[in-house]
Structure formats: structure tokens, C-alpha cells
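Below you'll find the structure, written out as C-alpha cells, and then a few comments.
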Amino acid sequence: MSFDSTTSKPIVCYGEILYDVFPDKKLIGGAPFNVAQRIHSLNYPSILVSRVGNDSDGKQALSFLQKQKIPIDFIQQDKNHPTGKVKVILDRGNPIYHILKGVAWDYIECFNDLDQLVSRSKALIFGSLSSRYPQSRQTLSKLISFAKNSVFDVNLRDPYYDQQLIKDLIEKTNFLKCNDLELEILCRYYSITSRELKGQMKELINKTNLEHVCVTLGSSGAILYFNQRFYSDDGFPVKVVDTVGAGDSFLGTLIHGLYTHSDPQPQQVLEKANAMGAIVASKSGASPAIDQNEVNQLIDSRSK
């Protein structure tokens with residue numbers, strides 16, 4: 001897929017690009033990268049804003065993106081800090097992360113062309129991890145002010161967040177995605193009293209500037225509040241290989257479906273996003289190649 005990066009309206013993904021280092025392999029990843037790659041696979045322009053080191057890992061990452069035909073125009077190169085790495089240990093399919101500190105994506109700088117990119121984008125997607133260092137946090141804060149739709153994937157990673165950071169990011173955004181465990185933390189942050197999930201979501205919206213909220217429930221699917229209506233989907237049972245990147249593919253599919261169509265169908269979009277996430281969880285790696293027929297077949301299997 002090719003497009004003119006100066007005139008199109010891409011979905012912009014901001015933050016970490018890094019290598020997931022497993023006991024037996026090393027794979028390029030990072031939540032923003034995974035989301036961007038999934039959106040790209042859906043034949044829509046996605047642009048990753050990040051930073052890599054001027055080292056062999058950084059050069060390999062840029063080469064990989066070029067081969068995937070994902071633009072590298074907004075990936076900065078850092079002469080002083082290495083490309084990011086995360087050591088990943090799988091515990092019965094669930095990842096445990098050890099994220100290296102002081103790496104290139106902690107120092108993303110803000111340039112005028114980034115302002116222009118985000119201002120014409122369909123949406124800006126970001127997580128909390130990209131704000132762990134002041135430089136990238138300040139850049140993100142500025143870019144959010146230019147976004148038509150700002151999408152905050154909470155994606156909490158100990159010890160790189162605190163209550164003030166999360167509340168600051170929520171106050172600047174209009175779409176929040178989190179899982180059920182992260183919602184429990186947000187309920188404590190905002191003194192939410194409802195014990196029912198939909199009630200918690202509505203109370204969170206009432207106490208913030210949020211317009212839309214999506215809560216993922218693992219193998220039990222997800223609930224979406226979009227344009228003042230609730231939508232729910234029970235998910236798809238699959239044999240889990242590893243869950244790395246499943247939530248990212250879910251989010252990429254969800255935002256693509258909601259923001260790139262003139263008349264989105266939230267229920268259908270949510271179902272497709274759950275199917276995509278389930279298929280990713282049934283495969284090895286964060287961004288496996290998935291044919292659209294796989295998604296359609298899994299959805300169709302529901303009615304049989």
C-alpha cells in the first residue's frame with residue numbers, strides 16, 4: 001500500500017518501538033508498533049511516531065518497517081541512546097515484562113511536521129508507557145492538543161505510572177481503552193462507587209472529559225461505550241499460544257472500524273476486533289500475519 005504522507009489522513013500511533021526478547025527469539029514490537037502494523041494490514045495508512053538508536057537493532061527495525069511498507073518518516077534516530085528492548089517471560093501464555101530504561105523512545109522530540117501530521121490524522125493512539133520519561137511525555141502532551149480524536153490505551157506497566165500521570169492523560173483524551181484489571185485501578189483513582197461494569201464506565205465518563213470507553217475482558221470479550229450507547233461482545237474461545245499483542249490488534253481493528261468509515265457500525269466493529277484479538281492470541285508473536293478470511297470464518301462459526 002502506498003499513500004502520500006502529506007495529504008492523507010492516517011491513524012498515528014505514538015510511543016515505543018522496541019524488541020521483545022523471548023527466551024528463544026527476538027521480535028520487533030512495542031504496543032504502538034503492533035497497533036500501527038495491524039491498521040496497516042487492514043489497508044489503511046498508519047504512521048508510527050517513535051525513536052530508535054543509531055545501532056544495529058535500530059537499523060534492523062527501520063529495515064523491517066520498510067519491508068512492511070510502513071512509513072519511517074517520523075521515526076527519529078538517536079545517537080546517544082540505544083533502541084529499546086523488553087525481556088519477556090511467558091507464564092502459561094501470559095507475558096511478564098522487564099522493560100529496559102533510558103532508551104531511544106524515551107526521548108522522542110517534537111517537531112513542526114509532527115504537529116501537522118497529527119492535526120490532519122483520523123486519530124492519535126498512545127499508551128501510558130511512552131510518558132515514563134519527561135522528554136517523550138512533553139512531546140505527547142503537545143501532540144494530543146492537535147488531535148481530532150485522541151485514543152488512550154491505558155496499558156499499565158509497573159513501575160512506570162502513577163495516579164497523577166494517568167489522570168493527566170485521561171483529562172487530555174476523549175477515547176479510553178483499558179482491560180478489566182486496569183478499570184479497577186481507575187475506579188480507585190476516581191473514587192468510583194458503582195459495582196457494575198457499565199456503571200463504572202458511565203461514572204468514569206461523568207467524572208472526566210472522556211466521550212468513549214472500551215473495556216476488554218480477556219477471553220470474555222469486551223464492552224464498548226461509543227456515542228452514548230453501550231455495545232458488548234462475548235469474545236471467541238481459542239486455544240491460547242501467547243497473548244502478546246492481542247490487545248494491540250484488538251485496538252487497531254477497533255479504531256480502524258470506528259474512525260475510518262463514514263457510517264461505522266459499532267457492534268460489528270467490536271465483534272471484528274474481538275475476533276482479531278482472539279486469532280492473534282492463538283498464534284505466536286505480537287503481530288502475526290492474519291488473512292481477513294480467518295477473521296470472517298471465526299465470526300461465521302458463531303452462527304453454526
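The first residue in the sequence is number 1, and the count goes up from there. Not measured: the values here are computed from a predicted model.
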Distance-minimising heavy-atom pair for G15 and I108: O-CD1, 3.9 Å

Side-chain donor-acceptor pair present, S128, N155, cut-off under 3.5 Å: no

Pair E16-R157, salt bridge (charged side-chain N to carboxylate O under 4.0 Å, His left out): steps then yes or no: CA-CA 13 Å; E16 62 272 17; R157 294 286 181 263; over 6 Å; no

Heavy-atom side-chain contact between L42 and M276 under 4.5 Å: yes

Ion pair D115/K142, N-O distance below 4.0 Å: yes

With H212, the ring-ring contact (aromatic ring centres under 6.0 Å, His included) member among Y231, F230, F226, Y225: F226

Any I144 side-chain heavy atom under 4.5 Å of L140 side chain: yes

Closest non-hydrogen atom pair between A104 and G53, with its separation: CB-N, 3.5 Å

Side-chain heavy atoms of Q37 within contact of F64, under 4.5 Å: yes

4.5 Å side-chain heavy-atom contact, L65 and I17: yes

Flag for S141-K172: side-chain donor and acceptor within less than 3.5 Å: yes

Side-chain heavy atoms of N209 within contact of E171, under 4.5 Å: yes

Pair F175 and F152, ring centroids less than 6.0 Å apart: no

Qualifying residue for side-chain contact (heavy atoms from CB on, under 4.5 Å) with L251, from I39, I125, T216: I125

Verify same cluster id: V240, I89 (apolar side-chain graph, 4.5 Å): no

